[in-house]
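The shown structure was predicted, so the numbers you read here are calculated from the model rather than taken from an experiment.
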Amino acid sequence: MDAVASPRKMPMLEMPRDAQAFAIVDRIYEAAFAAELWPDALEAASALSHSAGGAIFLVSDHLPVRAIGEAHLQPLLDEFMMGDNWTLSESVQRMCSMQPASFVRIDDFMTGEEIGRDPIYACSRTFGVGSPVCTSISMPSGELALFVFQRWLRDGKYDQAAIDLLNGLRPHFARAGLVAGRLGLERAGTAVSILRDIGLPAAIMSGSGSVLTANRLLEDMADVFLPLADGGMALADEPANALFQQAITQNRDNRVVRSIPVAATRGRPALIVHVLPLHRAAHDVFSGADILVATTAVDIGATVPSPGILSGLFDLTRAEARLATELAYGRSVQEAAMEIGISIKSARTYLERIFRKTETGRQSQLVALLKSARTFS
């Protein structure tokens, strides 16, 4: 079989790096509701990371594996999905078992012998493709979303800089994946059917903050979401509501993406409220709505997300995220400051900011929240 020709991706590459990232994030959230646009979003991420192509796989114990990828590598994706290639691949089984919470080089977790006999590696080489990286995102429904990017054989392995770029996009892939996973990687129908099928407490809002419609799951959370006299919506948790209202206001100009932690109460576990922008195709799907609000419960786990993921999830600066990660691994403020090379005074200043952004008041609460963030980061 002939190798697939590399497509021209210069329009994206010619853009300034910041503009590239903004455009990619735009496409990711657009594709969440219009599945046929995922190839464009993946291609944009491929251009940024110098990849041959990317694909998304949804794995479930109860449904067949579903996948979508870039058009020029669709023949390779079809080969992946044929027969027993998927189930016989040690690389796939290893990634499903490991569930990496950041992009990793799959080769680093395989022996040479395992790579040599893996049918997916053999198929990729036939197409001139090698060096895969992968991350996984666990959905509240129990599904596992795998995001996989590969390089052309001639381009060698991924360097850390390219992996860091993909990790910068990972929180956006995760949030969009919450929607795409529930919609089965298919085009959404109407706003009402989306909110029903998504299976998460959700509402859509106008740019002015008015609630246009909400599903029953969100309506049943009267202790979390409060109606406002002007048709808007607020969070009962005051610190979280301040961040929520700020996100709504900022969305008008910047299409802000925000994940806001809501502290647990005696009768309810902690929550994360996601504010996602709707524009272009997604805006059309929702008949002119501007914002999707979706809620996920916090799932306690032992794995600490990467600093890049924490930055996206809780709006932390890079320095704050690095400190938070060190603290989540059990280090004291003094030990964490020494580890990342800052003064104790600076570390304490960062910690106060982290407390405000995560709505925690003690280091033990912060650590519990950060560890629980793995599933949704």
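- The aromatic rings of F103 and F173 lie perpendicular to each other, with more than 60° between the two planes, well past the 30° mark.
- When side chains are defined from C-beta on, M233 counts as touching F244, because their heavy atoms get closer than 4.5 Å.
- A donor-acceptor pair under 3.5 Å is absent between the side-chain atoms of H274 and the main chain of L292, judged by distance alone.
- The backbone N or O of A162 lies less than 3.5 Å from a partner atom in the side chain of D159, making a donor-acceptor pair.
- Of the possible polar contacts, one joining the S136 side chain to the Q99 backbone as a donor-acceptor pair under 3.5 Å is found.
- We find the CD1-OG distance between I340 and S346 to be 9.0 Å, quoted to the nearest 0.5 Å.
- With hydrogens and angles disregarded, no donor-acceptor distance shorter than 3.5 Å links the side chain of E320 to the backbone of Y350.
- Geometrically, R151 engages Y158 in a cation-pi contact defined by less than 6.0 Å to the ring centre and at most 45° from the axis.
- With salt bridges taken as basic N to acidic carboxylate O contacts below 4.0 Å, one links E90 and R117.
- The pair R27-E30 fails the salt-bridge criterion, with no side-chain N (NZ, NE, NH1 or NH2) lying under 4.0 Å from an Asp/Glu carboxylate O.
- Taking every heavy atom of both residues into account, S131 and G156 meet most closely at CB-O, 3.6 Å.
- For the residue pair P277 and Y29, the shortest heavy atom distance occurs at O-CB, 4.1 Å.
- In this model, a donor atom of one side chain and an acceptor atom of the other lie less than 3.5 Å apart for S89 and D118.
- Considering CD of E70 and CD of E43, their distance stands at 5.5 Å, rounded to 0.5 Å.
- Nearest heavy atoms, P100 versus T135: O-OG1, 3.2 Å.
- When all heavy atoms are compared, the tightest approach of P201 to N215 is CA-OD1, 3.7 Å.
- A347 and V333 get closest at one heavy-atom pair: CB-CG1, 3.8 Å.
- The neighbour count for E113 CD, taken as heavy atoms of other residues, nucleotides or ligands under 6.0 Å away, does not exceed 12.
- Smallest separation of non-hydrogen atoms from H172 and I28: O-CG2, 3.6 Å.
- Qualifying side-chain hydrogen bond (donor to acceptor under 3.5 Å, both in side chains) partners for S97, counting only residues two or more places apart in sequence or in other chains: none.
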